Amino acid sequence: MTVPQTPDYLAIGHITIDLLPDGGQALGGSALYAALTAARFGLRAAILTRGDFARAGRHLDEALRQVAAEVEIIAQSASAATTFRNTTIAGRRHQEIHAWAGPIDVNGLPPAWRSARVVHLAPVAQEIEPRQVGRLHPGYLGATPQGWMRQWSPARDGLVSLEQLRLPPDTLSRIDALVLSSSEQSLARDAIDAVSRRGLVAITRGAEPAHLIDRGRSIEIPAYPVRVVDDTGAGDVFAAVLFLLRADVTPVSVAARTAAAAAALRLQSGIGPEAIPTRAQVEEFLAVAEQSARGRRP
């Protein structure tokens, strides 16, 4: 019997099926984008998820096999895979959940995985019970909490709304870094205050500078201007790079600039997980950006 090796980076959350406007389907989910980012930065990456992808069709089955070639996956059994539909109406994003895979049982982790160097809590639809976090013993614990803030009703076609983020104090006391968007900020003030007093909080704001609070100290990290091809997963790429570099004690400003560069490359490079950059591509992007900045200085 092969004993599972301890991953460098473990993402916990649903791998999802995203229903596309053209009638197609694609794999998604924060855990997917974050773990693939870690893998392309050279880390041993893994995902704990839940869902039934066998009925998803040959296209998604092949896509999942490609992910599994880079990332080790444990998929707990379910009767469905969590399925999202995102649409934009009058400039506003509307999100629906058409199927839910159910809660992820952290007890299903191999013991070696519980002490991964980085554990990324990446819920997308209330699939992680916050009190189970105490069973994890990572070197660095990061979270993208959007899935803890989502509520939906089958009676309203699964339309998603955001509610106040409520996490137990013992869970918040364990989180080293929190990444969320500006649209989620006002609903997560208590969590932001709790984590930022002793750790790191990053609030992404699209094309505007990201706002970081590092143990009470505020930092602005400009976004790199790029032509946006697809923004799916860009925030997850940002979070993954920030977490993995901070786990290596990279200075916050350097880690955040690198994370912003990785997100920019994700935005401009194509559609879906295939467009997640490698560490070498991010380093090249940063070198070019720095050279350009020096050329503009008087």
Side-chain angles (χ1 to χ4, degrees), residues 9-14 29-31 33-34 37 48 82 93 95 97 103-104 106 114 116 118-152 160-206 208-221 233-247 252-253 255-256 259-260 263:
Y9 194 106
L10 169 64
I12 303 175
H14 283 165
S30 296
Y33 278 91
T37 300
L48 175 66
T82 294
R93 185 188 189 200
Q95 189 171 58
I97 293 181
I104 293 172
V106 172
R114 300 183 190 195
V118 180
V119 171
H120 177 174
L121 303 172
V124 293
Q126 297 287 355
E127 69 269 37
I128 301 173
E129 166 51 55
R131 296 190 186 280
Q132 287 197 344
V133 172
R135 295 164 189 172
L136 303 170
H137 308 285
Y140 195 88
L141 182 64
T144 45
Q146 59 182 340
W148 283 318
M149 304 167 73
R150 287 177 174 147
Q151 293 295 325
W152 64 96
V160 174
S161 60
L162 292 181
E163 66 167 19
Q164 199 80 21
L165 177 63
R166 295 180 176 87
L167 293 176
D170 57 339
T171 301
L172 287 171
S173 69
R174 295 173 57 85
I175 294 174
D176 296 299
L178 198 65
V179 175
L180 61 165
S181 70
S182 57
S183 64
E184 298 156 355
Q185 179 180 3
S186 64
L187 297 172
R189 296 195 184 282
D190 289 346
I192 291 170
D193 290 344
V195 174
S196 65
R197 281 197 293 268
R198 53 167 191 79
L200 176 64
V201 172
I203 300 162
T204 60
R205 302 187 289 192
E208 298 299 316
H211 179 65
L212 278 71
I213 311 170
D214 176 32
R215 289 169 291 182
R217 180 174 62 104
S218 292
I219 308 169
E220 298 285 312
I221 300 295
D236 304 315
V237 170
F238 179 97
V241 173
L242 187 67
F243 296 161
L244 67 89
L245 290 180
R246 286 300 295 146
V252 169
S253 59

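From a predicted model like this one, the values you see are computed outputs, not experimental measurements.
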Q: Walk me through it: do Leu162 and Gln151 pass the test side-chain contact (heavy atoms from CB on, under 4.5 Å)?
A: CA-CA 6 Å; Leu162 292 181; Gln151 293 295 325; over 6 Å; no
Minimum heavy-atom distance between [X] and [Y], given as atom pair plus value:
X      : Y      : answer
Ala263 : Val237 : N-CG1, 4.0 Å
Ser253 : Ile221 : O-CD1, 4.2 Å
Gly29  : Val124 : CA-CG1, 4.3 Å
Asp170 : Arg131 : OD1-NH1, 4.0 Å
Trp152 : Ala125 : CH2-O, 3.4 Å
Leu165 : Pro145 : CD2-CB, 3.9 Å

Decide yes or no for [X] and [Y]: does some side-chain heavy atom of the first lie under 4.5 Å from some side-chain heavy atom of the second?
X      : Y      : answer
Val133 : Leu141 : yes
Glu220 : His211 : yes
Leu172 : Asp190 : no
Gln185 : Arg205 : no

State whether the side chain of [X] and the backbone N or O of [Y] hold a donor-acceptor pair below 3.5 Å, judged by distance alone.
X      : Y      : answer
Glu208 : Gly206 : no
Arg150 : Ile97  : no
Arg246 : Ala256 : no
Glu163 : Met149 : no
Thr171 : Pro130 : yes

Q) Should Glu129 and Arg135 count as an ion pair when the cut-off is N to O under 4.0 Å? A)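 Looking at Arg135 together with Glu129, the answer is no, because their closest N to O distance does not fall below 4.0 Å.
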Q: Check the angle between the aromatic planes of Phe243 and Tyr140 and answer parallel, tilted or perpendicular using the 30° and 60° thresholds.
A: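 Rings of Phe243 and Tyr140: tilted, as their planes differ by 30° to 60°.
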Just how far is it from atom [atom1] of [X] to atom [atom2] of [Y], taken to the nearest 0.5 Å?
X      : Y      : atom1 : atom2 : result
Thr37  : Phe238 : OG1   : CZ    : 12.5 Å
Leu200 : Leu178 : CG    : CG    : 9.0 Å
Gln164 : Arg189 : CD    : CZ    : 9.0 Å
Arg217 : Leu212 : CZ    : CG    : 9.5 Å
Arg174 : Leu167 : CZ    : CG    : 13.0 Å
Leu48  : His120 : CG    : NE2   : 13.5 Å

Q: Check the side chains of Gln146 and Ser30 for a donor-acceptor pair under 3.5 angstrom, ignoring hydrogens and angles.
A: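 On atom types as modelled, these side chains qualify, holding a pair under 3.5 Å.
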Q | CZ/Arg215: more than 12 non-hydrogen atoms of other groups inside 6.0 Å | A |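 12 or below, so no.
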